[in-house]
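Have a look at the structure below before the remarks.
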Amino acid sequence: MKNISNIEDLLSLDNNITTRKRNPIIAIIMTLIGAAILAFTLSKGENSSMNAILLFTGSALFVIGLIELFRKKLILYHSPSGEKIVCKQCFFSLEDKKMINEYIEKKEFDKLANLSSNNNSKIMAILYTTKSMGYNVIQLLEYIDYQYTPIDEPIVK
């Protein structure tokens, strides 16, 4: 295996991973509907509770549509199963390192998530997994000099 220092490099080289672009049509429609509601409400010029509700609804649709337009556009999929791959980050204390390695060896990622803590988090685990847990890639990183640096190579299970 090549010397791969981070998990993103491994995912980009894996032939079982495909990327698909997110379809922006829903975000565009939400933005346009929100803008139309805002334009209609503001052109009426009345001060009624119905106008306030329409103004709020139009603003919400417009803002959510804009946010969706600029969200991450690529989605990772596991080619053989066709399942979507999601990224999870868990944080652990340094004292849990031995137990973390045991859970990774046994492929017990649900127990790994239960072990996760936020206080004194010196270790971060990045896990890319499918919903059925059929494809898992995990890498441990340690917090050194104000950044997380890889402890070991990414592990594919």
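Keep in mind the model is a prediction, meaning the values are calculated, not measured.
Proximity of E83 to S132: side-chain heavy atoms (C-beta onward) are separated by under 4.5 Å at one or more points. Counting heavy atoms from C-beta outward, L69 and I28 have side chains that approach closer than 4.5 Å. Between L76 and Y128 there is a side-chain heavy-atom pair separated by less than 4.5 Å. Between T129 and Y135, every side-chain heavy-atom pair lies at or beyond the 4.5 Å cut-off. Residues L11 and V137 meet the side-chain proximity criterion, which asks for heavy atoms closer than 4.5 Å.
The side chain to side chain donor-acceptor pair (under 3.5 Å) test applied to E102 returns no partner, not counting sequence neighbours. Partners of T57 under the side chain to side chain contact (heavy atoms under 4.5 Å, CB included) rule, at least two apart in sequence or in another chain, are I53, L61. With sequence neighbours left out, T130 forms a side chain to side chain donor-acceptor pair (under 3.5 Å) with no residue at all.
Using modelled atom types, one finds no donor on one side chain facing an acceptor on the other under 3.5 Å when comparing N16 with S79. Side chain to side chain, D96 and Y103 fail the donor-acceptor criterion of an N or O pair below 3.5 Å.
A distance of 8.5 Å separates CG in L141 from CG in N6, rounded to the nearest 0.5 Å. Annotation: the span from I75 atom CD1 to N23 atom CG amounts to 9.5 Å, rounded to 0.5 Å. The OG1 atom of T31 sits 11.5 Å away from the CD1 atom of I26 when rounded to the nearest 0.5 Å. Separation of atoms CZ (F92) and CE (M124) is listed at 11.0 Å; rounding is to 0.5 Å. R22 CZ to R71 CZ: the interatomic distance, rounded to the nearest 0.5 Å, is 4.0 Å. Atom-to-atom distance recorded for I138:CD1 and K88:NZ is 10.5 Å, nearest 0.5 angstrom.
L42 and L32 end up in the same hydrophobic cluster when Ile, Leu, Val, Met, Phe, Trp and Tyr side chains are linked at under 4.5 Å. Cluster membership check: I64 shares its hydrophobic cluster with L54, using side-chain heavy-atom separations under 4.5 Å among Ile, Leu, Val, Met, Phe, Trp and Tyr. When hydrophobic clusters are built by joining Ile, Leu, Val, Met, Phe, Trp and Tyr residues whose side-chain heavy atoms come closer than 4.5 Å, directly or via intermediates, L66 is not grouped with I25. A continuous path of ILVMFWY side-chain contacts below 4.5 Å connects L94 to M99, so both sit in one hydrophobic cluster. Residues F40 and I37 share a single hydrophobic cluster, defined by chaining ILVMFWY side chains whose heavy atoms lie under 4.5 Å apart.
The backbone N or O of L38 sits nowhere less than 3.5 Å from a side-chain atom of T41 that would complete a donor-acceptor pair. Under a 3.5 Å cut-off, the side chain of Q89 and the backbone N or O of I126 do not form any donor-acceptor pair. Q139 contributes no side-chain N or O that, together with a main-chain N or O of A125, makes up a donor-acceptor pair within less than 3.5 Å.
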Go through K21 and L74 one step at a time and tell me if the side-chain contact (heavy atoms from CB on, under 4.5 Å) criterion holds.
CA-CA 5 Å; K21 289 186 177 182; L74 292 179; 3.8 Å; yes

Quick one: do Y77 and T19 satisfy side-chain contact (heavy atoms from CB on, under 4.5 Å)? Show the steps, please.
CA-CA 6 Å; Y77 284 91; T19 57; over 6 Å; no

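Dense packing is recorded around NZ of K107, with more than 12 heavy atoms of other residues, nucleotides or ligands lying under 6.0 Å away.
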